[in-house]
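Below, each value reflects all heavy atoms present in this structure, side chains not excepted, and no hydrogens, waters or symmetry copies. Note that the numbering runs from 1 along the sequence shown for the chain.
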Amino acid sequence: ISRFYVPDSERKDLLGRGLYSTVAHELTHHYLDAAWLGPATERKPQTSAMPGYWIVEGFATFVQDDVIAKMRARDGERPRDPACAYVAQGARGNSALLPFRRLLELTQGQFQGLSKEPIFDLTPLAGDSGMVLRPAEVNVFYEQSAALVWFLNYKAGPERRAKLAEYVRAQYIGALGPEGWKAIGYDTPEALDQAFTKFLQSTN
(Lines give C-alpha, C1' and ligand atoms only; values in the text may rest on other atoms or scores of the structure.)
Protein backbone atom coordinates (compact mmCIF):
# COMPACT_ATOMS: atom_id res chain seq x y z
CA ILE A 1 0.00 0.00 0.00
CA SER A 2 1.37 3.42 -0.99
CA ARG A 3 0.77 6.52 1.12
CA PHE A 4 1.08 10.10 -0.15
CA TYR A 5 1.46 13.21 1.98
CA VAL A 6 -0.23 16.18 0.30
CA PRO A 7 -0.06 19.31 2.49
CA ASP A 8 -2.35 21.35 0.20
CA SER A 9 -4.65 19.76 -2.34
CA GLU A 10 -4.64 22.99 -4.40
CA ARG A 11 -0.87 23.13 -4.77
CA LYS A 12 0.94 21.63 -7.75
CA ASP A 13 4.65 21.27 -8.24
CA LEU A 14 6.55 23.52 -10.61
CA LEU A 15 5.65 21.36 -13.62
CA GLY A 16 1.95 21.42 -12.89
CA ARG A 17 1.92 17.88 -11.56
CA GLY A 18 -0.25 17.05 -8.59
CA LEU A 19 -1.61 14.14 -6.58
CA TYR A 20 -3.33 12.34 -9.47
CA SER A 21 -0.18 12.25 -11.57
CA THR A 22 1.88 11.04 -8.59
CA VAL A 23 -0.57 8.19 -7.99
CA ALA A 24 -0.53 7.39 -11.73
CA HIS A 25 3.29 7.24 -11.66
CA GLU A 26 3.43 4.86 -8.71
CA LEU A 27 0.57 2.65 -9.92
CA THR A 28 2.32 2.34 -13.29
CA HIS A 29 5.35 0.92 -11.47
CA HIS A 30 3.13 -1.57 -9.62
CA TYR A 31 1.20 -2.58 -12.73
CA LEU A 32 4.23 -3.11 -14.97
CA ASP A 33 6.07 -5.03 -12.31
CA ALA A 34 3.13 -7.43 -11.98
CA ALA A 35 2.07 -7.63 -15.63
CA TRP A 36 4.34 -10.54 -16.53
CA LEU A 37 4.09 -12.64 -13.39
CA GLY A 38 1.93 -15.36 -14.96
CA PRO A 39 3.18 -18.96 -14.77
CA ALA A 40 3.44 -19.14 -18.58
CA THR A 41 5.99 -16.29 -18.68
CA GLU A 42 9.65 -17.07 -18.20
CA ARG A 43 10.91 -14.21 -16.07
CA LYS A 44 14.51 -13.85 -14.98
CA PRO A 45 15.32 -12.01 -11.74
CA GLN A 46 15.98 -8.33 -12.41
CA THR A 47 19.32 -7.08 -11.19
CA SER A 48 20.76 -3.62 -10.64
CA ALA A 49 23.32 -4.41 -13.37
CA MET A 50 20.83 -4.82 -16.26
CA PRO A 51 20.86 -1.96 -18.79
CA GLY A 52 17.74 -0.07 -19.78
CA TYR A 53 16.61 1.33 -16.42
CA TRP A 54 15.44 4.48 -18.24
CA ILE A 55 12.26 2.71 -19.33
CA VAL A 56 11.23 1.97 -15.72
CA GLU A 57 11.10 5.62 -14.61
CA GLY A 58 10.50 6.97 -18.09
CA PHE A 59 7.31 5.00 -18.66
CA ALA A 60 5.89 5.93 -15.25
CA THR A 61 6.67 9.62 -15.79
CA PHE A 62 5.18 9.42 -19.30
CA VAL A 63 1.93 8.04 -17.83
CA GLN A 64 1.73 10.76 -15.20
CA ASP A 65 2.14 13.44 -17.89
CA ASP A 66 -0.51 11.72 -20.01
CA VAL A 67 -2.86 11.85 -17.02
CA ILE A 68 -2.25 15.61 -16.75
CA ALA A 69 -2.95 16.08 -20.46
CA LYS A 70 -6.25 14.21 -20.21
CA MET A 71 -7.27 16.10 -17.06
CA ARG A 72 -6.54 19.43 -18.76
CA ALA A 73 -8.65 18.41 -21.73
CA ARG A 74 -11.47 17.25 -19.43
CA ASP A 75 -11.41 20.59 -17.61
CA GLY A 76 -11.50 22.52 -20.88
CA GLU A 77 -7.94 23.86 -20.60
CA ARG A 78 -5.78 24.47 -23.65
CA PRO A 79 -3.66 21.43 -24.54
CA ARG A 80 0.08 21.82 -24.11
CA ASP A 81 3.13 19.70 -24.72
CA PRO A 82 4.01 17.33 -21.88
CA ALA A 83 6.12 18.67 -19.04
CA CYS A 84 8.77 16.02 -19.68
CA ALA A 85 9.31 17.30 -23.22
CA TYR A 86 9.54 20.87 -21.92
CA VAL A 87 12.28 19.97 -19.45
CA ALA A 88 14.11 17.85 -22.04
CA GLN A 89 13.95 20.76 -24.47
CA GLY A 90 15.44 23.04 -21.80
CA ALA A 91 18.14 20.49 -21.02
CA ARG A 92 19.02 20.26 -24.71
CA GLY A 93 19.31 24.05 -24.90
CA ASN A 94 21.70 23.96 -21.96
CA SER A 95 23.74 21.01 -23.31
CA ALA A 96 22.50 18.95 -20.34
CA LEU A 97 20.76 16.01 -22.03
CA LEU A 98 22.29 12.64 -21.24
CA PRO A 99 23.99 11.14 -24.31
CA PHE A 100 21.70 8.40 -25.61
CA ARG A 101 24.43 5.79 -25.48
CA ARG A 102 24.70 6.47 -21.75
CA LEU A 103 20.96 6.86 -21.13
CA LEU A 104 19.97 3.56 -22.72
CA GLU A 105 22.86 1.61 -21.18
CA LEU A 106 22.35 3.02 -17.68
CA THR A 107 21.63 0.41 -15.01
CA GLN A 108 19.62 0.85 -11.84
CA GLY A 109 22.85 0.82 -9.90
CA GLN A 110 24.30 3.61 -12.03
CA PHE A 111 21.06 5.56 -11.75
CA GLN A 112 21.65 5.78 -8.01
CA GLY A 113 24.86 7.70 -8.72
CA LEU A 114 23.30 10.47 -10.82
CA SER A 115 24.00 13.94 -9.45
CA LYS A 116 21.35 15.82 -7.51
CA GLU A 117 23.10 19.17 -7.91
CA PRO A 118 21.21 21.72 -10.08
CA ILE A 119 22.83 22.21 -13.48
CA PHE A 120 20.68 24.86 -15.19
CA ASP A 121 17.72 27.19 -14.62
CA LEU A 122 14.41 26.80 -16.41
CA THR A 123 11.37 29.04 -16.31
CA PRO A 124 8.18 27.17 -15.36
CA LEU A 125 5.49 26.12 -17.78
CA ALA A 126 2.90 28.75 -18.63
CA GLY A 127 0.11 28.85 -16.08
CA ASP A 128 2.15 27.22 -13.30
CA SER A 129 4.15 28.60 -10.38
CA GLY A 130 6.39 31.59 -11.10
CA MET A 131 9.36 29.97 -9.39
CA VAL A 132 12.36 28.95 -11.48
CA LEU A 133 13.02 25.24 -11.98
CA ARG A 134 16.57 24.09 -11.27
CA PRO A 135 16.87 20.54 -12.66
CA ALA A 136 19.72 18.27 -11.61
CA GLU A 137 21.14 15.39 -13.64
CA VAL A 138 18.74 12.96 -11.97
CA ASN A 139 15.77 15.16 -12.95
CA VAL A 140 16.99 15.27 -16.54
CA PHE A 141 17.15 11.46 -16.46
CA TYR A 142 13.46 11.22 -15.49
CA GLU A 143 12.25 13.86 -17.94
CA GLN A 144 14.42 12.82 -20.89
CA SER A 145 13.39 9.20 -20.39
CA ALA A 146 9.70 10.15 -20.27
CA ALA A 147 10.02 12.40 -23.32
CA LEU A 148 11.66 9.52 -25.19
CA VAL A 149 8.73 7.26 -24.29
CA TRP A 150 6.32 10.01 -25.39
CA PHE A 151 8.18 10.35 -28.70
CA LEU A 152 8.29 6.61 -29.39
CA ASN A 153 4.66 6.07 -28.38
CA TYR A 154 3.05 9.00 -30.19
CA LYS A 155 5.42 10.47 -32.77
CA ALA A 156 7.80 7.81 -34.17
CA GLY A 157 5.27 5.67 -36.02
CA PRO A 158 3.47 2.36 -35.36
CA GLU A 159 6.53 0.15 -35.92
CA ARG A 160 8.59 1.87 -33.22
CA ARG A 161 5.58 2.04 -30.93
CA ALA A 162 5.35 -1.75 -31.18
CA LYS A 163 9.08 -2.03 -30.53
CA LEU A 164 8.67 0.14 -27.43
CA ALA A 165 6.01 -2.23 -26.06
CA GLU A 166 8.34 -5.19 -26.59
CA TYR A 167 11.19 -3.24 -24.97
CA VAL A 168 9.06 -2.65 -21.86
CA ARG A 169 8.22 -6.35 -21.71
CA ALA A 170 11.90 -7.30 -22.10
CA GLN A 171 12.85 -5.02 -19.20
CA TYR A 172 10.33 -6.58 -16.84
CA ILE A 173 11.10 -10.20 -17.69
CA GLY A 174 14.84 -9.53 -17.31
CA ALA A 175 15.69 -10.04 -20.99
CA LEU A 176 17.15 -6.68 -22.02
CA GLY A 177 20.62 -6.69 -23.51
CA PRO A 178 23.10 -3.95 -24.49
CA GLU A 179 22.67 -1.49 -27.37
CA GLY A 180 19.05 -0.82 -26.53
CA TRP A 181 18.69 1.75 -29.33
CA LYS A 182 18.57 -1.15 -31.78
CA ALA A 183 15.68 -2.74 -29.88
CA ILE A 184 13.61 0.44 -30.35
CA GLY A 185 14.43 0.74 -34.04
CA TYR A 186 17.60 2.83 -34.40
CA ASP A 187 20.89 1.59 -35.82
CA THR A 188 23.00 3.92 -33.67
CA PRO A 189 22.51 6.19 -30.65
CA GLU A 190 23.37 9.09 -32.94
CA ALA A 191 20.41 8.25 -35.20
CA LEU A 192 18.15 8.18 -32.15
CA ASP A 193 19.55 11.50 -30.96
CA GLN A 194 18.85 13.09 -34.35
CA ALA A 195 15.23 11.89 -34.39
CA PHE A 196 14.65 12.89 -30.76
CA THR A 197 16.15 16.35 -31.32
CA LYS A 198 13.80 16.89 -34.26
CA PHE A 199 10.90 15.91 -32.00
CA LEU A 200 11.97 18.38 -29.29
CA GLN A 201 12.28 21.16 -31.85
CA SER A 202 8.64 20.59 -32.78
CA THR A 203 7.38 21.04 -29.20
CA ASN A 204 6.43 24.35 -27.62
* State whether the number of non-hydrogen atoms from other residues, nucleotides or ligands found under 6.0 Å of Tyr31 atom OH is greater than 12. =>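 12 or below, so no.
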* State whether the number of non-hydrogen atoms from other residues, nucleotides or ligands found under 6.0 Å of Gln112 atom CD is greater than 12. =>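 Above 12, so yes.
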Side chain to side chain, [X] and [Y], heavy atoms closer than 4.5 Å:
| X | Y | value |
| --- | --- | --- |
| Phe100 | Tyr186 | no |
| Tyr172 | Val56 | yes |
| Leu104 | Ile184 | yes |
| Gln194 | Thr197 | no |
| Val140 | Leu114 | no |
| Val87 | Asn139 | no |
| Val63 | Val149 | no |
| Leu97 | Leu200 | yes |

Which value, rounded to the nearest 0.5 Å, describes the distance between [X] atom [atom1] and [Y] atom [atom2]?
| X | Y | atom1 | atom2 | value |
| --- | --- | --- | --- | --- |
| Arg101 | Asp193 | CZ | CG | 11.5 Å |
| Glu57 | Tyr142 | CD | OH | 4.0 Å |
| Leu98 | Leu106 | CG | CG | 7.0 Å |
| Leu133 | Glu143 | CG | CD | 9.0 Å |
| Leu152 | Lys163 | CG | NZ | 11.0 Å |

* Asked: Can a donor-acceptor pair be found between the side chains of Thr203 and Gln89 at a distance below 3.5 Å?
  ->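 Per modelled atom types, Thr203 and Gln89 side chains form a pair under 3.5 Å.
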Minimum-distance pair of heavy atoms, taken over all atoms of [X] and [Y]:
| X | Y | answer |
| --- | --- | --- |
| Ala146 | Cys84 | CB-CB, 3.6 Å |
| Glu105 | Gly180 | OE1-N, 4.0 Å |
| Asp121 | Asn94 | O-ND2, 4.5 Å |
| Ser145 | Gly58 | CB-CA, 3.6 Å |
| Gln64 | Ala24 | CA-CB, 4.3 Å |
| Pro51 | Gly177 | CG-O, 3.5 Å |

* Can Met50 and Thr107 be said to form a side-chain contact (heavy atoms from CB on, under 4.5 Å), step by step? -> CA-CA 5 Å; Met50 188 175 69; Thr107 68; 5.9 Å; no
* **Among Phe111, Phe141, Trp181, Tyr167, the one residue meeting ring pair (Phe, Tyr, Trp, His ring centres under 6.0 Å) with Trp54** =>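 Single pass found, and it is Tyr167.
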* Stepwise, does the side-chain contact (heavy atoms from CB on, under 4.5 Å) test hold for Tyr53 with Leu103? -> CA-CA 8 Å; Tyr53 187 68; Leu103 179 71; over 6 Å; no
* Asked: According to the interplanar angle, ranging from 0 to 90°, do the rings of Phe59 and Phe62 count as parallel (below 30°), tilted (30 to 60°) or perpendicular (above 60°)?
  ->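 Geometry flag for Phe62 against Phe59: perpendicular rings.
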* Asked: Less than 4.0 Å between a side-chain N and a carboxylate O, is that true for Arg102 and Glu137?
  ->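 Result for this pair is yes, salt bridge flagged.
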* Does the distance from a Lys or Arg side-chain N to an Asp or Glu carboxylate O, for Glu166 and Arg169, drop under 4.0 Å? ->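 Judged by the 4.0 Å cut-off on N to carboxylate O distance, Glu166 and Arg169 do form a salt bridge.
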* Counting only N and O atoms by type, is there a donor-acceptor contact under 3.5 Å from the side chain of Arg160 to the main-chain atoms of Gly185? ->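 Yes, because the side chain of Arg160 sits within donor-acceptor range (under 3.5 Å) of the backbone of Gly185.
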* Go through the steps to decide whether Tyr86 and Asp65 satisfy the test side chain to side chain donor-acceptor pair (under 3.5 Å), and finish with yes or no. => CA-CA 11 Å; Tyr86 177 73; Asp65 277 1; over 6 Å; no
* Asked: Does NZ or CZ of Arg92 fall inside the cone over Phe196's six-membered ring, less than 6.0 Å from its centre and within 45° of the axis?
  ->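 The answer is no; the distance or angle limit is not met.
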